[in-house]
Every structure is written in C-alpha cells, then in structure tokens.
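Inspection log for the structure reproduced underneath, given as structure tokens.
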Amino acid sequence: MITPRTLKGFRDHLPAQALAREWVLDVARRVYRSYGFAPIDTPALEYLEILTGKGSDETDKQLYRFTDHGNRDVGMRFDLTVPFARFAAQHVGSLGLPFKRYHMATVWRGENTQRGRYREFMQCDFDTIGTTSPVSDLETVLVVHDLLVAIGIDRFTIRLNDRRTLTGILEQAGLAEKQTDVLRALDKLGKASSEAVGKELAGHGVAPEAIERLLAMASLAGPPQEVLKELETLVGESEIGKAGLAGLAKIVDGVASAGVPEGRVVLDPSIARGLDYYTGLVLESFLDELPSLGSICSGGRYDNLAGLYTKQPLPGVGASLGLDRLIAGLEELGRLPTAETPAEVFLVFFADEHLGDYLRIASALRSRGVAVEFYPEAKKLGVQLKLAAKRGHPVALILGSDEFAAGKAQLKRMASGESEELTWGGDASVLAEAVAAAVALVRSRT
RNA sequence: GUGGUUGUAGCUCAGUUGGUUAGAGCGCCGGUUUGUGGUACCGGAGGUCGCGGGUUCGAAUCCCGUCAGCCACCCCA
C-alpha cells in the first residue's frame, strides 16, 4: 500500500473548509467587480527568467523550479504581481489605460510553514495600472475596506503610510543611504519591542538621537489629522516628504467622504513593507481581535510595474488579500460558516413508490435556484434526518405516502426543529415556490 | 534555511521508575416493535502507539534518523 499523505505546507480542503474558501472568493469577486476591476488569469508556470528577473535572494530561495520536458527552465509563480507585470508588458497594446484587473489564484513558495502560512496558498490581487492619480490610491483603500466589511469582519484596522514621507524624514535625519535597513527595522515595530528595534538600528550605525526620533515618529498614533500634523514638522522642507503627506491627507479626506467609519483607517508611520518596489502609498490591514496573525490584506503604490519587461512606464497601485491567512484567522475566531453542504434543502426519500414525484419536486426546486440533496435510499426517517443535521442543511422536506395522498408536505427547519405544513395538491411547481420562499427567508437571515 | 517543541482510536487526551490482552470522554455505526435529528438507555466497530532503525529478555515509554504539526528567527499573504 502507498501511504496517503500530503507534502509539507500543502493541504487538502474538506467540504466545510472548501465551502468557506469559495464563499470568501465569491465575496472578493463581487467587491472587486463592483469597482469595475476585470478578471484575468495567467499560467501557473512561467519561464524562470520572468520570475527571477526581480532577483531578490529571498524569492529565489523560495521559488519552485525545474526543467520541463522540453528542457526549458521554468518556475511556479510565487505571487500574482510578477505574472501581472509580464502580462501587462505583453498586452498593454490591447488593454487600454488605465487598466484595472483582479486575479485570484494559487501561488507557491517553498518556505517554512507556520500558522496561516503554507507552501501552496491563494492570493486575491487587484491593481490599477497606467495612472498616478491619488484617486486610484483612495479607491484601493476603499476596496480593501469594502472587502473586509463584506466578509463580515466588524473589527479591523487598515494602516496607511507613504514611502515618500519616510524617505523625506530619513533625508532630514541624514539617513537617506541607510533607508532599506532602517525601514526594514521599523517595519518590525508592533511585533518586536521598541528596544529591540532600537538595537537593530544602532547595529546599522544610526546615531542614538536619530534612533530616538525615528522611534517617536514610528509610534505616532491617534486621529489621522493629528498624526499628519506631527509628521509635517518631522518632514520639514523635504519636497518628497511633503508630497507623501499630501497624498495621505487626500486619502484621509476621501475615506471620510466615502462614509468609512472613523477608526477603521488610520495612519501608521511604522508601516514600511519589506518589498522595495513600493514608492508611495503602503497599506496593511489587521483583524483587531487577532493582530498577531499579521496583515491579511496588503498593498501599495509602485512607480513602474513592468520595467523589466517593457520600456513603457506602467505606474500602478493595488493590494492583495491573503485568502488562506484570512481563513485561518476566521477559523480561529469561530467566524466561519460550519455547513458541510451547499444544499439548502434535504429531500427525505421515504415512500419508495413515489420516486418519480420526488424527482419532479427536486427538479422544480433546482430550476428555481434552490440546491437540493435527495437522499438516494428509502431508509428510516431518523437516519436521514440525522445526516441532514450533521451536514447542516437548513431545511428538510418530508413527504411520505400520507402527504402524497393529501397533497401536503412537511417543511422542517433543522435549527429549531419546527415543522410547517405546506399544501401543494400534487403540483410540483406550487410546492417548489413555497419551499423556495421559505429558503429565501433562511438565506436572508444568515 | 536556522533554533526550539510536539506526534497514542475520527477528535481531545491518559498511560505510573521500560514489563504480559494500550484506556477514557466525545464522535461514528446499530438497536430501544414498523414515519421525525441534535436528549436518554443498550450494544458494536475502530489503534502499524507518525514512520524507520538501534539498545534490551522485554519499548508507547530510552537513543539515533526521518516525516509532519506548532512556535521563534528570517521573510511575507
């Protein structure tokens, strides 16, 4: 026998989890589309040179790569941004700009696993390219906000910052050259203590006074308007720094105009994001009840998406929802739907001689968009109801020879155990209408 | 990739200084006279003690390796 097993970091998804994932994907799709983002897809495999072009050691190490049957060096995509860059460079001509797309797909990274971190996972990206307008920055924040709301999370925080502000402040502090190291260190705030971060900064040769000022800057918090004011003094006369602040101010205003409740979107000067291709807005979002999970939706603005693949400059802004991390978080908080079935109605098979009637009823329901599970054997009622309860069908429809004779049916709500008698007089479409109406009620309540 | 930690029934775990047929609760299946689940009672199935090797008269228990989970570093979704 071969031992059935899965590779480290790769998982099977049982119905309960698969249903939850599909549900989140549906929500994301709906929100992205509501802003006009169009779907695209790209291959899982790319020429190795496409993927390694960015050339950071870190991504190279994590890349799944091999030689294909035609002796080509190929790699599996480790994110959706690089394939999108290639895609954009290849198709700009026919896309028209600005172009907005969403892409929800599996990516692979051969890194070590941890809670909510796997080697195979899904990302749900959306980006707007071909414009530098701050309106697109604002829209990006709004999409993230709407998405988290639509998923049903009521307590979350979207943290914003601007790379240009950081650059400006570092300029003023005479630390422009150490930017990468400094930002990387500051990014750890929130996870690591400020002492630890201070030590790391000292290790990079940052002067004690500068460290103090950086830590003070990074720990700024409170109403966005106040944080902006504080940052203004730190930025001083730095042009780039002022530009960053202007961008943030615009977003803060816009978010309020769009009706986002206060406190959901905040400024956090410690957010830097490790990725060096961000050049303007950077954003991360956290579940308030589970901050240790890390950011579940992150993104930002970049000057040039596809510089490696085309001479045409393609500025853009976007973000990515980490589906599997979010699912892990929702599961931990007990917020995931628990049903193991997509069928709202469980149709009990009870009177063997009425098979034809059952099939007619099931078909009438399905044509009205109601999913029906028809039990395949005329077994004891108790057995069938037990299964219906375990699977989480909200409604069971019971018809035995008595009901058929009387032209009635019993609609049982599994959650409460209450039954309701329906009259249909042998007309399947009448019964289907009544059941569909009851199911619609159940749906609207969840 | 580095360091730490865990691995006994479907799930949560117990298993005494290594000693014979490895246990519990929950879950699962069947039954409690033929049409109503999540409650009660009765019965039942189910375990290569993650896997491989070693030490020993004897290993779930000690040692080594390996695979997998979790945590930290790193990086990130």
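Below, read A as the first sequence line, B as the second, and so on, with proteins coming before strands; counting in each chain starts at 1. For the numbers below, each heavy atom of this structure counts, side chains included, while hydrogens, waters and symmetry mates do not.
A/Leu326 comes within 4.0 angstrom of no nucleic acid atom, judged by non-hydrogen atoms across all strands. A/Lys412 comes within contact range of at least one nucleobase, with a heavy-atom separation under 4.0 Å. Nucleic acid contact for A/Gly294: none, since no nucleic acid atom lies under 4.0 Å from a heavy atom of the residue. A/Asp324 comes within 4.0 angstrom of no nucleic acid atom, judged by non-hydrogen atoms across all strands. Residue A/Gly9 is in sugar-phosphate contact alone, with no base atom involved, counting any heavy-atom pair closer than 4.0 Å across all strands shown. Residue A/Met122 is classed as having no contact, given no heavy-atom separation below 4.0 Å to the nucleic acid.
One cannot find a donor-acceptor pair under 3.5 Å joining the base of B/C70 and the side-chain atoms of A/Arg117. Residue A/Gln384 places no side-chain atom within donor-acceptor reach of the base of B/U36, judged by atom type and a 3.5 Å distance cut-off alone.
We find that the ring of A/Phe121 and the base of B/A77 stack, their centres lying under 5.5 angstrom apart and their planes tilted less than 30°.
Environment of CZ in A/Phe66: crowded, with over 12 heavy atoms of neighbouring residues, nucleotides or ligands closer than 6.0 Å.
In this structure, the CD atom of A/Glu340 is 15 Å from the P atom of B/G27, given to the nearest Å. Nucleotide B/G35 holds its C1' atom 8 Å from the CD atom of A/Glu403, rounded to whole Å. For the pair A/Gln114 CD and B/G3 C1', the interatomic distance rounds to 13 Å; values are reported in whole Å. Note: CG (A/Leu14) to C1' (B/G10) measures 11 Å, nearest angstrom. Atom OH of A/Tyr375 and atom C1' of B/G37 are 13 Å apart (whole Å). Taking atom NZ of A/Lys8 as the reference point, atom P of B/G7 lies 17 Å away to the nearest angstrom. Across the protein-nucleic acid pair, A/Phe78 atom CZ and B/C75 atom P stand 16 Å apart, rounded to whole Å. We find that CD of A/Glu420 is positioned 20 Å from P of B/U36, with the value rounded to whole Å.
For A/Tyr32 and A/Tyr102, the ring centers sit closer than 6.0 Å to each other. Two rings, from A/Tyr358 and A/Phe404, have their centers less than 6.0 Å apart.
In terms of phosphate contacts, A/Arg115 brings a side-chain nitrogen or oxygen within less than 4.0 Å of OP1 or OP2 of B/C71. Remark: A/Lys380 is not in phosphate contact with B/G30, judged by side-chain N or O atoms under 4.0 Å from OP1 or OP2.
Nucleotides B/U17 and B/U21 place their C1' atoms 23 Å apart, quoted to the nearest Å. Separating the C1' atom of B/U20 from that of B/U61 is a span of 16 Å, rounded to the nearest Å.
Out of B/A77, B/C71, B/G35, the shortest distance to the side chain of A/Glu111 is found at B/A77.
The aromatic rings of A/Phe84 and A/Phe99 lie tilted to each other, with the angle between the two planes from 30° to 60°. A perpendicular orientation is assigned to the rings of A/Phe10 and A/Tyr64, their planes being inclined by more than 60° (bins at 30° and 60°).
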